[in-house]
Protein chains: 2
Amino acid sequence: MSSRSMDAVDGQEPRWLSDDELDAWLSYVASSTLLEAALDRQLQRDAGMPHAYYQILAMLSEVPGRSLRMSDLAAITQSSQSRLSHAVSRLECNGWVLREPCPGDRRSTLARLTDAGFEALAAAAPGHVSTVRHHLFDRLSCDQVRQLREICNTMLQGLAADPEQAKRPGPRR
Amino acid sequence: MSSRSMDAVDGQEPRWLSDDELDAWLSYVASSTLLEAALDRQLQRDAGMPHAYYQILAMLSEVPGRSLRMSDLAAITQSSQSRLSHAVSRLECNGWVLREPCPGDRRSTLARLTDAGFEALAAAAPGHVSTVRHHLFDRLSCDQVRQLREICNTMLQGLAADPEQAKRPGPRR
DNA sequence: CAGTAGAAGTTGAACTCTCAACAGCCTGGA
DNA sequence: TCCAGGCTGTTGAGAGTTCAACTTCTACTG
């Protein structure tokens, strides 16, 4: 990743990261890896679900009717359709989510948060928020919280518009 | 996660996130999820390895002898021992890494980057750096890069000292 | 209105990661 | 010296994710 020990062999010498950028990158990778691991560990231990599943329940809980089309739910949880489909299957087994047909478009499926699902979320929320606080917000100044939001929003603009994001290769036949 | 639709049932009302914090958190979760997915996709497609495996090769490449004890390699890649052991097994099958006994401590194992592994890394690096640049550093000001580093380092202090991190339940016998 | 391209969702296989248990080795105090 | 407990690493099972293929349905175009 640094230019110190790596030379390009082809014609196009890539723009390596500067020392400042490399420092920031290594810190970012380390902290985001460890934070996600800590969140998963806490939620798995105390609520029997990984962080990604908590997010699905949380997003459903915030929406009128506590129900969303699978596609929309996938979009707001930064999930692929396949990942979400597997996840909802598991949540359905737990009785936390329910699949039902979508009126008006027979391709679509609605995922609805059940009462049991809402209760599981409500039970999990305090411990989760406390973990997020402990590792993140209790350590940052108000300025840093704003800076973090700005930085992440800037990233999001590029990531959301990523063409790779949407690319879905057709069948081979 | 917000206090708007969730009330604590038990005695201890948790400190919910403020609106600013919630905004920052949702942006953080979304951007880190999408960025990690983009990195994995690019590396998997162009180099046949996920981001975590790239990091293992990269860390090995920066160290004298291109060789580290499994424990030390796990520490600098934010990996559990188990995860690293599985990963190195796979990298060994690719001929990119080699396991060898550690002189002086027969418990330990050294993982060494092979020449083929170094070449695979060198071939993967330009595309990877370019992806990191494209999604992150090309969009941030110098100030923001410094802010990001500060924020992540602050997080790291807490995460590295996390007691959960080290807890390893003993055998049941 | 038929044909077709694309959208929505699911599935199964392969892969990665976590968790718990285990085996081997080292070290300090009795 | 001995051995108890800790360190190091591996393994197998189970859970979650990705990828590619597929089905069904919608909407556009001629």
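Note on naming: letters A, B, ... go to the chains in the order of the sequence lines (proteins, then strands), and numbering restarts at 1 for each one.
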Within-4.5 Å side-chain heavy-atom neighbours: [X] and [Y]:
| X | Y | answer |
| --- | --- | --- |
| B:C142 | B:R146 | yes |
| B:R139 | A:M155 | no |
| A:R99 | A:S89 | yes |
| B:L60 | B:R112 | no |

Starting from [atom2] on [N], measure out to [atom1] on [X] and report it in whole angstrom.
| X | N | atom1 | atom2 | result |
| --- | --- | --- | --- | --- |
| A:L91 | C:dT10 | CG | C1' | 16 Å |
| A:R41 | C:dA20 | CZ | P | 12 Å |
| B:N94 | C:dT16 | CG | C1' | 14 Å |
| A:R83 | C:dG9 | CZ | P | 17 Å |
| B:L68 | D:dG9 | CG | P | 11 Å |
| A:L84 | C:dT10 | CG | C1' | 11 Å |
| B:M49 | C:dC15 | CE | C1' | 16 Å |
| B:D40 | C:dT16 | CG | P | 10 Å |

- Query: For A:G48 and B:S89, take the nucleotide of DNA chain D holding the closest heavy atom to each; which residue's nucleotide lies nearer the 5' end?
  - Reply: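 On the 5' side of the pair lies B:S89.
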Taking the side chain of [X] as its heavy atoms from C-beta onward, which of [options] lies nearest to it?
| X | options | value |
| --- | --- | --- |
| B:S108 | D:dT18, D:dT8, D:dT11 | D:dT8 |
| B:M70 | D:dG9, C:dA20, C:dT11 | D:dG9 |
| B:S82 | C:dG9, D:dT17, C:dT18 | C:dT18 |
| A:H86 | D:dT10, D:dT17, D:dG12 | D:dT17 |

Look for any protein N or O under 3.5 Å of an N or O in nucleotides 4-7 of chain D and output each such pair with its distance, or none.
{"residue": "D:dG6", "atom": "N2", "partner": "B:R107", "partner atom": "NH1", "Å": "3.3"}
{"residue": "D:dC7", "atom": "O2", "partner": "B:R107", "partner atom": "NH1", "Å": "3.3"}

- Message: I want to confirm an ordering. Mapping B:G104 and B:Y53 to their closest nucleotides on DNA chain C, which one lands closer to the 5' end?
- Response: B:Y53
- Modelled atom types, side-chain donor and acceptor of A:D40 and A:Q44, under 3.5 Å: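 There is no such pair between these side chains.
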- Query: Under 4.0 angstrom, heavy atoms only, what part of the nucleic acid is A:D105 near: base, sugar-phosphate, or nothing?
  - Reply: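 It contacts sugar-phosphate atoms only.
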- Describe the nucleic acid contact of B:A87 in one word from base, sugar-phosphate, nothing, applying a heavy-atom distance below 4.0 Å.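 Here B:A87 touches no strand at all.
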At under 4.0 Å, does any side-chain N or O of [X] touch on OP1 or OP2 of [N]?
| X | N | value |
| --- | --- | --- |
| B:R106 | C:dC26 | yes |
| A:S80 | D:dT18 | yes |
| B:R90 | C:dT16 | yes |

- Message: Does A:R66 qualify as a cation-pi partner of A:F118, given the criterion of NZ or CZ under 6.0 Å from the six-membered ring centre and within 45 degrees of its axis?
- Response: yes
- Task: Dump the intermediate steps for side chain to side chain contact (heavy atoms under 4.5 Å, CB included) on B:R15 and A:V129, then the final yes or no.
- Result: CA-CA 8 Å; B:R15 286 157 55 226; A:V129 173; over 6 Å; no
- Query: Which residues pass the ring-ring contact (aromatic ring centres under 6.0 Å, His included) test with A:Y28, sequence neighbours left out?
  - Reply: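 Testing A:Y28 for ring-ring contact (aromatic ring centres under 6.0 Å, His included), a comparison that skips the adjacent residues, returns A:W25.
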